[in-house]
Amino acid sequence: MAGRQPLLEDFYVVRRRAEELGEGDRSWVLNGLRGVGKTVLLNELLSQVSDRGWITAKVEAGASASLSVSLSQALVRGMRTATGRHPEPRLKRLLGVFKAFSVTVDPTGAVALGIDVDPVRGVADSGRFADDLAALFEVLGETARDLRIGVLILIDELQEATPEELRALNTAVHHLGQADRPLPLTFVGAGLPSLPAQLAEATSYAERLYDHRPIRLLSEQASQDALTVPARERGVDWASDGLAAAIATARGYPYFLQSVGKHVWNNARRSPIDVEDVELGLVDARREVDDGLYRSRWERATPAQRDLLGALAGIGAEGPATVAEIAKAMGKPRTSDISAARDELIKKGLVYAPGRGLLAFTVPGMHDFINRQP
Ligand SMILES: Nc1ncnc2c1ncn2[C@@H]1O[C@H](COP(=O)(O)OP(=O)(O)OP(=O)(O)O)[C@@H](O)[C@H]1O
Ligand SMILES: [Mg+2]
């Protein structure tokens with residue numbers, strides 16, 4: 001987790017506040033491009049509390065089930081673990097509320113609690129997901145405070161949630177913020193850079209609801225740490241010219257750095273890792289990233305979509321370009337001429353709109369790959 005210390009330190013404060021004061025913090029939204037490390041960060045937050053008796057749930061939006069069902073299923077698992085660790089009478093009301101909630105969310109009974117408890121009716125079972133989720137969050141938070149633990153709810157790939165699901169989430173998080181003393185329930189969502197705008201579109205007040213935290217490429221120092229710290233722990237050093245070459249190639253992109261680290265390690269002969277080892281490793285790493293990340297995306301695009309991607313890659317480096325510029329580069333008189341390709345590419349997750357009338361790649365380095373295509 002090189003370069004993510006500030007965020008992890010902030011989370012440490014969240015954890016202590018929940019456990020020692022029974023209070024929560026504003027919910028967080030991590031946003032960043034593909035492969036910058038959002039998921040590993042969520043996993044790290046989870047691992048910091050999961051062996052401390054917290055009630056946790058982690059789900060991915062846009063997977064097969066609706067968010068309400070998958071979140072319920074994850075909460076079931078979280079609460080089952082909690083019942084094993086905490087005295088059951090203090091959890092009883094929560095479990096009863098949850099039972100009524102889960103039956104409302106999923107009448108087929110797939111979300112079964114597996115614990116014999118009478119449903120508590122009239123709290124979180126109205127059938128309106130937004131209201132029910134808000135009520136459930138409240139009971140979860142109250143129970144956690146009572147047990148001197150916290151609740152951590154994580155949703156990855158949140159940009160895939162429907163506007164309706166985002167609205168429900170905003171409502172629940174907003175409701176949490178209304179308490180005199182914030183309950184020790186923290187929600188952390190993660191998604192592409194379009195996520196803050198999507199949340200804001202779902203409800204007007206969403207801008208102030210979340211602590212938005214952009215997850216960026218790593219600095220040179222953090223990139224160095226990512227490569228050298230794990231090696232040094234194993235008694236291996238990097239020669240400085242080799243390290244410089246590796247860092248210049250990965251350009252702070254965590255996914256690429258991970259691949260560079262792996263392949264350089266595999267090609268290294270002895271400590272210190274020298275520039276020759278690095279050059280061989282970089283060839284393998286480039287191939288892995290090209291094949292595993294860029295090519296599959298490129299091949300998913302139709303010829304018309306590739307024209308647009310090529311134009312975007314030709315105009316800018318990493319940064320966004322306006323749709324008007326792209327249309328012009330493609331020789332199209334009107335921006336509406338490319339709106340079909342634009343929409344399809346957004347749906348395929350290859351590009352996103354960082355602002356009105358703008359377009360950018362979701363994957364760092366994609367422009368570079370495209371510019372190398374014949
Ligand atoms: N801070 C870091 N230091 C070193 N390696 C990292 C760091 N963050 C992420 N990585 C590595 O980068 C890779 C991508 O991370 P991850 O899958 O979390 O990205 P992501 O942002 O969730 O991507 P996606 O949007 O595609 O889901 C992983 O192999 C991970 O180990
Ligand atoms: Mg991820």
Side-chain angles (χ1 to χ4, degrees), residues 7-29 42 44-59 68 71-102 104-105 113 115 117-126 129-155 168-189 208-211:
L7 191 136
L8 295 175
E9 277 163 20
D10 288 351
F11 188 72
Y12 177 72
V13 176
V14 170
R15 174 168 86 62
R16 297 280 302 266
R17 253 175 78 162
E19 292 175 357
E20 288 164 33
L21 304 176
E23 287 184 4
D25 191 19
R26 231 162 19 133
S27 289
W28 293 2
V29 171
L42 292 185
E44 177 63 26
L45 303 186
L46 192 64
S47 80
Q48 297 207 354
V49 300
S50 54
D51 57 354
R52 304 180 66 83
W54 283 43
I55 298 173
T56 61
K58 178 170 181 254
V59 300
S68 56
L71 192 58
S72 303
Q73 283 169 336
L75 280 167
V76 166
R77 264 173 263 127
M79 284 190 282
R80 279 175 143 242
T81 323
T83 51
R85 292 171 187 252
H86 301 290
E88 218 170 298
R90 298 174 77 180
L91 278 161
K92 208 160 169 213
R93 181 175 149 76
L94 169 62
L95 295 174
V97 169
F98 185 79
K99 185 155 192 178
F101 170 82
S102 64
T104 313
V105 161
L113 200 48
I115 298 165
V117 57
D118 294 328
V120 173
R121 307 225 185 263
V123 180
D125 59 353
S126 72
F129 181 50
D131 296 337
D132 292 346
L133 191 65
L136 182 70
F137 274 16
E138 187 175 331
V139 183
L140 273 164
E142 285 166 352
T143 309
R145 180 179 283 164
D146 185 38
L147 294 170
R148 301 200 137 270
I149 55 171
V151 180
L152 182 64
I153 294 180
L154 307 171
I155 306 184
L169 202 61
N170 286 345
T171 305
V173 170
H174 179 64
H175 183 78
L176 267 182
Q178 308 274 291
D180 295 339
R181 256 178 87 205
L183 289 164
L185 182 148
T186 301
F187 164 76
V188 183
R208 286 155 289 128
L209 269 187
Y210 300 98
D211 192 348

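All values derive from a computational prediction rather than experimental measurement.
- Atom CZ of R85 is surrounded by more than 12 heavy atoms from other residues, nucleotides or ligands within 6.0 Å.
- Using bins of under 30°, 30° to 60° and over 60° for the plane-to-plane angle, the ring pair W54/F11 lands in the tilted bin.
- Although no hydrogens or angles enter the test, the distance criterion places no donor-acceptor pair under 3.5 Å between the side chain of K58 and the main chain of L42.
- A heavy-atom distance below 4.5 Å is found between the side chains of L71 and L133.
- Side-chain contact between L209 and V29 is absent, with no heavy atoms from C-beta onward closer than 4.5 Å.
- Looking only at distances, a side-chain donor or acceptor of R26 sits under 3.5 Å from a matching main-chain atom of R208.
- Side-chain contact, D25 with T186: no donor N or O sits under 3.5 Å from an acceptor N or O.
- Taken from CG in D146 to NE2 in H86, the straight-line distance is 10.5 Å, to the nearest 0.5 Å.
- Going from atom CG of L136 over to atom CD1 of I153 covers 7.0 Å, rounded to the nearest 0.5 Å.
- Put simply, OG1 on T56 and CG on L45 are 11.5 Å apart, with the number rounded to the nearest 0.5 Å.
- In this structure the side chain of F98 never reaches within 4.5 angstrom of the side chain of L140, judged on heavy atoms.
- How far CG of L95 is from CZ of R93: 11.5 Å, rounded to the nearest 0.5 Å.
- Note that CZ of F137 and OG1 of T171 are 10.5 Å apart. Values are rounded to the nearest 0.5 Å.
- Residues meeting the side chain to side chain contact (heavy atoms under 4.5 Å, CB included) test with L21, sequence neighbours left out: R17, E23.
- For the pair V139 and F101, the minimum side-chain heavy-atom distance is 4.5 Å or more.
- Contact record, A74 with V59: CB-CG1, 3.4 Å, taken as the closest heavy-atom pair.
- Counting only heavy atoms from C-beta outward, the side chains of F187 and I155 approach each other to under 4.5 Å.
- Atom CD of Q178 sits about 4.0 Å away from atom NE2 of H174, to the nearest 0.5 Å.
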- Would M79 and L91 satisfy side chain to side chain contact (heavy atoms under 4.5 Å, CB included), going step by step from the backbone distance to the final call? CA-CA 9 Å; M79 284 190 282; L91 278 161; 5.9 Å; no
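- Heavy-atom contacts from other residues, nucleotides or ligands closer than 6.0 Å to CG of D51 number more than 12.
- Of all heavy-atom pairs between S72 and S68, the closest is OG-O, 2.6 Å.
- Residues L183 and E138 have side chains in contact (heavy-atom distance under 4.5 Å, counting atoms from C-beta outward).
- A heavy-atom distance below 4.5 Å is not found between the side chains of V105 and D132.
- Of the residues V14, V188, I55, L185, the one that meets the side-chain contact (heavy atoms from CB on, under 4.5 Å) test with L152 is V188.
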